[in-house]
Asker: 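Before anything else, here's the structure in question.
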Amino acid sequence: MTTPSAATPSTAPGQVHGPAPAQAGAPGGRRGALGPVGLVLAGGISVQFGGALAVTLMPRAGALGVVTLRLLVAALVLMVLCRPRLRGHSRADWGTVIVFGVAMAAMNGLFYQSVARIPLGPAVTLEVLGPLTLSVLASRRAVNLVWAALALTGVFLLGGGGFSGLDPLGVAFALAAGAMWAAYIVFSARTGRRFPQADGLALAMAVAAVLFLPLGVLESGTKLLDPTTFALGAAVAVLSSVLPYTLELLALRRLPASTFAILMSLEPALAAAAGFLILDQALAATEAAAIALVIAASMGAVRTQVGRGKAKKAGR
């Protein structure tokens, strides 16, 4: 889940360097720098509308059942499309992809347990604290702390200034999902460096599906085999897993982890939009203000990253 300076031999903490950065050195450098940002935004839109669809599916299959269908279908699709090689990988490669799969399974399971108890907007608002924390820890530039603080202000404003009226267990699940989201970002980047294309993602998704299958069967049983339920679960898998994870993994090859994490602050805004359009959850004035803050923070992070890339390119 490279910067325009990715050709440099050293890799700073919190940065992801992928394959040859042909786009960065091309005349369309600005477009190349913004390319991975577009991938992240497209992935965010897809995952939040998929999440809203999943909420409507929970009465039919349960939270664990929905996660099982999402991971299982996504794993099958990715394994068929990518056909990853199973040989020729080191023990460290397999260790990375397994941890990535565990983080993915935990992130999904905890988040869906959260949205089963609290509304989608507040759940994503709490969950995004994980990536925001990562952005602060991974960043080496003081200005990124400003963008992170601005986004954090918007996150809490989106929650109405507090979460005391929410189910405590739902809040705990959302915060734990945020920690797993941060781990997902780190190991998605590492997997992208060790495996070509989306091969590592396909293998990690298979690991996550195998881990979660017993839980889904235990909760939902034969409900998972209902044609309508399975079809809706497949749609959730494509929207919430196949598209966003692939786009984010590709973006992380060309984008610093700190900037990627700050961009994740857009997720509450996307979740609020999905909740409004699909779940009929209206936006209050404070929520609209919060959306403006997180968008400002994200755009500031993007401008900082693009400006940094142009400065480094000019200094060569």
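For this chain, numbers begin at 1 and follow the sequence in order.
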Asker: Starting at NZ of Lys223, measure out to OG1 of Thr228 and round the result to the nearest 0.5 Å.
Answerer: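 Output value for this atom pair is 14.5 Å.
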Asker: In Å and rounded to the nearest 0.5 Å, what is the OG to CG distance from Ser46 to Leu239?
Answerer: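 It is 4.5 Å, given to the nearest 0.5 Å.
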Asker: Identify the heavy atoms of Ala92 and Arg194 that sit nearest to each other, and give their distance.
Answerer: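 Heavy-atom minimum between the residues: CB-NH1, 3.6 Å.
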Asker: Is a donor on one side and an acceptor on the other found under 3.5 Å between the side chain of Ser220 and the backbone of Ala61?
Answerer: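 Judged by distance alone, yes, a pair lies under 3.5 Å.
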Asker: Determine, stepwise, if the pair Arg60 / Asp226 fulfils salt bridge (charged side-chain N to carboxylate O under 4.0 Å, His left out).
Answerer: CA-CA 9 Å; Arg60 300 178 64 96; Asp226 177 76; 2.9 Å; yes
Asker: For residues Pro244 and Gly43, report the shortest heavy-atom separation together with the two atoms involved.
Answerer: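 In this case the closest contact between Pro244 and Gly43 is CB-O, 3.3 Å.
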Asker: Taking all non-hydrogen atoms of both residues, which atom of Leu126 and which atom of Leu175 are closest, and how far apart?
Answerer: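 What the structure gives for the nearest pair is O-CD2, 3.9 Å.
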Asker: Quick check: do Val115 and Met58 have side-chain heavy atoms less than 4.5 Å from each other?
Answerer: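 Yes; the side chains approach each other to less than 4.5 Å.
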Asker: Determine yes or no for a side-chain-to-main-chain donor-acceptor pair under 3.5 angstrom, with Thr229 supplying the side chain and Leu225 the backbone.
Answerer: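 No, because the side chain of Thr229 does not come within donor-acceptor range (under 3.5 Å) of the backbone of Leu225.
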Asker: Judged by atom type as modelled, is there a donor-acceptor pair below 3.5 Å linking the side chain of Arg117 to the main-chain atoms of Gln113?
Answerer: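 Yes.
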Asker: For residues Ala174 and Ala123, report the shortest heavy-atom separation together with the two atoms involved.
Answerer: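 Smallest interatomic distance, heavy atoms only, reads CB-O, 3.7 Å.
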Asker: Would Val207 end up clustered with Leu78 when hydrophobic side chains under 4.5 Å apart are linked, directly or stepwise?
Answerer: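 In one cluster with Val207: Leu78, no.
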Asker: In terms of ring plane angle, is the pair Phe195 and His89 parallel, tilted or perpendicular, where the classes change at 30° and 60°?
Answerer: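 Tilted, since the angle between the ring planes falls between 30° and 60°.
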Asker: Can Tyr112 be reached from Val210 by stepping across I, L, V, M, F, W or Y side chains whose heavy atoms are under 4.5 Å apart?
Answerer: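 No, no single cluster joins them.
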Asker: Between atom CG of Leu86 and atom CG of Leu203, what is the distance when rounded to the nearest 0.5 Å?
Answerer: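 Here the rounded value is 6.5 Å.
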Asker: Determine, using the 4.5 Å side-chain heavy-atom cutoff (strictly less than), whether Val66 and Phe230 are members of one ILVMFWY cluster.
Answerer: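 Same cluster: Val66 reaches Phe230 through Ile, Leu, Val, Met, Phe, Trp or Tyr contacts under 4.5 Å.
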Asker: With rounding to the nearest 0.5 Å, note down the distance linking CZ in Phe100 to CE in Met107.
Answerer: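 It comes to 7.5 Å.
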Asker: With Phe212, which of Leu69, Val217, Leu71, Leu72 fulfils side chain to side chain contact (heavy atoms under 4.5 Å, CB included)?
Answerer: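 Single pass found, and it is Leu71.
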Asker: Return the minimal non-hydrogen interatomic distance between Thr56 and Pro59, and the atom names on each side.
Answerer: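 Heavy atoms only, the tightest pair is O-CD, 3.4 Å.
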Asker: Does any non-hydrogen side-chain atom of Leu247 lie less than 4.5 Å from one of Val40?
Answerer: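 Counting from C-beta outward, Val40 and Leu247 never come under 4.5 Å.
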Asker: With side chain to side chain donor-acceptor pair (under 3.5 Å) as the test, would you mind laying out the steps for Arg190 and Thr96 before giving the verdict?
Answerer: CA-CA 7 Å; Arg190 294 182 183 179; Thr96 298; over 6 Å; no
Asker: Grab the two heavy atoms, one from Ala63 and one from Glu219, that are nearest each other, plus how far apart they are.
Answerer: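 Reported closest heavy-atom pair: N-OE1, 3.3 Å.
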Asker: Could you measure the distance from the CG atom of Leu243 to the CZ atom of Phe49? Nearest 0.5 Å is fine.
Answerer: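 With rounding to 0.5 Å, CG (Leu243) is 14.0 Å from CZ (Phe49).
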Asker: Okay, side chain of Ser114, backbone of Gly170: is any donor-acceptor separation there less than 3.5 Å?
Answerer: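 Answer holds: yes.
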Asker: Please determine whether residues Val67 and Val77 belong to a single hydrophobic cluster, defined as Ile, Leu, Val, Met, Phe, Trp and Tyr linked transitively by side-chain heavy-atom distances below 4.5 Å.
Answerer: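 Per the 4.5 Å side-chain linkage, Val67 and Val77 are co-clustered.
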Asker: If I take atom CD from residue Glu127 and atom CZ from residue Phe173, how far apart are they, to the nearest 0.5 angstrom?
Answerer: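 Nearest 0.5 Å value for the CD-CZ distance: 13.5 Å.
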Asker: With Thr68 as reference, evaluate Leu213, Asn108, Leu218, Val73 under the side chain to side chain contact (heavy atoms under 4.5 Å, CB included) test and give the passing residue.
Answerer: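 Considering Leu213, Asn108, Leu218, Val73, a side chain to side chain contact (heavy atoms under 4.5 Å, CB included) with Thr68 is found only for Leu213.
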Asker: Establish whether Ile98 and Val186 are linked, either directly or via other cluster members, by ILVMFWY side-chain heavy-atom contacts under 4.5 Å.
Answerer: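 Different clusters: Ile98 never reaches Val186 through Ile, Leu, Val, Met, Phe, Trp or Tyr contacts under 4.5 Å.
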